Amino acid sequence: MAGIDHAPPPFFKRGPAPLALLTFYVAISLALFVVDLRFRSLDLLRQSIALLVDPVQRVAQTPGSLVDYAANYLQGMRELQHENSELKHAQLNTAPNLQRLLQLEAENERLRKLLAVKEREKANGQVAQILYTARDPFSRKVIVDKGQQSGIVAGQPAIDEAGVVGQVTRVFPFSAEITLITDKDQAVPVQIVRSGHRSVVFGLGNGQLELRYMPANADVQVGDILVTSGLDSVYLPGFPVAKVVNIERDSAYSFARIFCVPVAGVENFGEIMVLDPRQPLPPAPPESAGRGGDIGDKAALRQKKKRAAKSN
């Protein structure tokens, strides 16, 4: 009878209550979090786990990496083949023009020799890296990494792949200061490509330029390109300078206000080319005497005639 009254053992052994376990684990987590935050005591453990897990992660990522590498390789091959095909077509399309250009250059050289015309100067120079801009916020100047040790002198023009950038204004042993064409104290003699009119473009200090000394009825249109005229001893002729963007004509004023933007990347470039100094221009012929000089010459000639008559 005693065996009949004995209860069988429970199928599942009951432990602590779930709420108590949750509270215990949360407390342990918070304690570890505070200790690690204050004393960095788990850094070594964390690094050890990362060291052990890293090879496993690399092995697990290998199939995906191989697939990505293969896809990128195949895509790059297709892009290179497409680009190569386009370059071949472009080369074929431009081949006739290039051949004619070579022939025209040879013909131009022969004609210049026949006419004894002086050849144009070659645009040679050296590439310089922009280091930083000037500290003056009211000026448009940059500092490059070429100076006296590289043969840079004040007055040399600076260009980029699009056009004129500025002019060397100060030279230091290992650097040089270039004043941009947008500076308010900078001026460049230019010529309008479409009409051939010559004038001077001035910087406004705000990233724009102004073409001055043009009559109000001058043949200037929005979109006209301005190039260096070569009438000074700094810039060679033909370099792009600016593009006309706005024209203000007022009959009350003799000159029109013509605003332009630089063609070159004046405010957003990293490398420029500093051109070699230009060959000096021949000296200008002496100015003829004015009207007063002509009158004085005539009076002196008249006096000489009178003296000759008295002596006779």
Side-chain angles (χ1 to χ4, degrees), residues 120-121 123 125 130 133-134 136-144 154-170 176-275 277-281 284 287:
R120 291 182 178 269
E121 299 180 47
I130 300 295
T133 59
D136 186 4
F138 300 102
S139 64
R140 293 292 185 268
K141 298 178 181 180
V142 294
I143 307 299
V144 297
Q156 290 184 241
I159 65 171
D160 65 358
E161 68 277 3
V164 176
V165 172
Q167 181 182 359
V168 178
T169 51
R170 290 196 299 174
E177 179 189 77
I178 295 180
T179 302
L180 306 179
I181 59 175
T182 54
D183 189 85
K184 58 184 178 180
D185 296 328
Q186 193 73 359
V188 181
V190 295
Q191 185 176 16
I192 302 176
V193 175
R194 182 182 56 83
S195 61
H197 290 301
R198 292 189 296 268
S199 185
V200 182
V201 67
F202 291 83
L204 297 179
N206 58 356
Q208 288 189 341
L209 305 163
E210 182 179 359
L211 183 64
R212 300 178 183 174
Y213 310 123
M214 294 296 292
N217 59 351
D219 184 14
V220 184
Q221 300 177 4
V222 175
D224 283 347
I225 300 298
L226 311 180
V227 298
T228 52
S229 61
L231 297 183
D232 56 356
S233 59
V234 178
Y235 299 98
L236 293 173
F239 285 113
V241 178
K243 179 181 180 181
V244 178
V245 295
N246 187 23
I247 303 175
E248 296 180 1
R249 303 181 190 269
D250 192 347
S251 58
Y253 298 96
S254 301
F255 299 106
R257 297 205 65 184
I258 304 172
F259 298 95
C260 313
V261 293
V263 175
V266 176
E267 302 292 342
N268 51 355
F269 50 78
E271 294 180 348
I272 60 174
M273 173 173 281
V274 181
L275 300 180
R278 185 180 178 184
Q279 297 178 3
L281 298 176
E287 297 182 0

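Note that the coordinates shown come from a computational prediction; the quantities given were computed from them, not determined experimentally.
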* Spacing of CZ belonging to Arg194 relative to CD1 belonging to Ile225, to within rounding of 0.5 Å -> 11.0 Å
* Asked: So which heavy atom on Asn206 is nearest to which on Arg140, and how close?
  -> CA-NH2, 4.0 Å
* Check whether any side-chain heavy atom of Leu204 sits under 4.5 Å from a side-chain heavy atom of Phe259, and report yes or no. => yes
* So, Gln167 side chain and Thr179 main chain: donor-acceptor pair closer than 3.5 Å or not? -> no
* **Val188 side chain reached by Phe239 side chain, heavy atoms, under 4.5 Å** => no
* Under a 4.5 Å cut-off applied to non-hydrogen side-chain atoms, are Cys260 and Val244 in contact? -> yes
* Asked: Which atoms form the tightest heavy-atom contact between Pro262 and Gly207, and what is the distance?
  -> CD-O, 3.4 Å
* **CD on Gln191 to CG on Leu226, rounded to 0.5 Å** => 10.0 Å
* Heavy atoms of other groups near Arg170 CZ, more than 12 under 6.0 Å -> no
* Asked: In Å and rounded to the nearest 0.5 Å, what is the CD1 to CD distance from Ile130 to Glu271?
  -> 9.0 Å
* Measure from the side-chain N and O atoms of Thr169 to the backbone N and O of Ile178, and report whether any donor-acceptor pair falls under 3.5 Å. => no
* Heavy-atom closest contact (Gly203 atom, Leu209 atom, distance) -> CA-CD2, 3.7 Å
* Asked: Mind checking whether Val144 and Ile272 have side chains closer than 4.5 Å, heavy atoms only?
  -> yes
* Asked: Which heavy-atom pair separates Tyr235 from Gly166 by the least distance, and what is that distance?
  -> OH-O, 3.6 Å
* **Minimum heavy-atom distance between Gly155 and Val234, given as atom pair plus value** => O-CG1, 3.4 Å
* Asked: Which value, rounded to the nearest 0.5 Å, describes the distance between Ile258 atom CD1 and Arg212 atom CZ?
  -> 12.0 Å
* Nearest atoms (heavy-atom pairs only) where Val263 meets Pro240 -> CG1-CB, 4.3 Å
* Close side-chain approach of Val222 and Asn246, heavy atoms under 4.5 Å -> no
* Does the pair Ile192 and Leu211 meet the rule for a side chain to side chain contact (heavy atoms under 4.5 Å, CB included), with working shown? -> CA-CA 10 Å; Ile192 302 176; Leu211 183 64; 4.3 Å; yes
* **Euclidean distance, Glu210 CD relative to Ser199 OG, rounded to 0.5 Å** => 10.0 Å
* **Arg249 atom CZ, over 12 foreign heavy atoms within 6.0 Å** => yes
* **NZ on Lys243 to CG on Asp224, rounded to 0.5 Å** => 10.0 Å
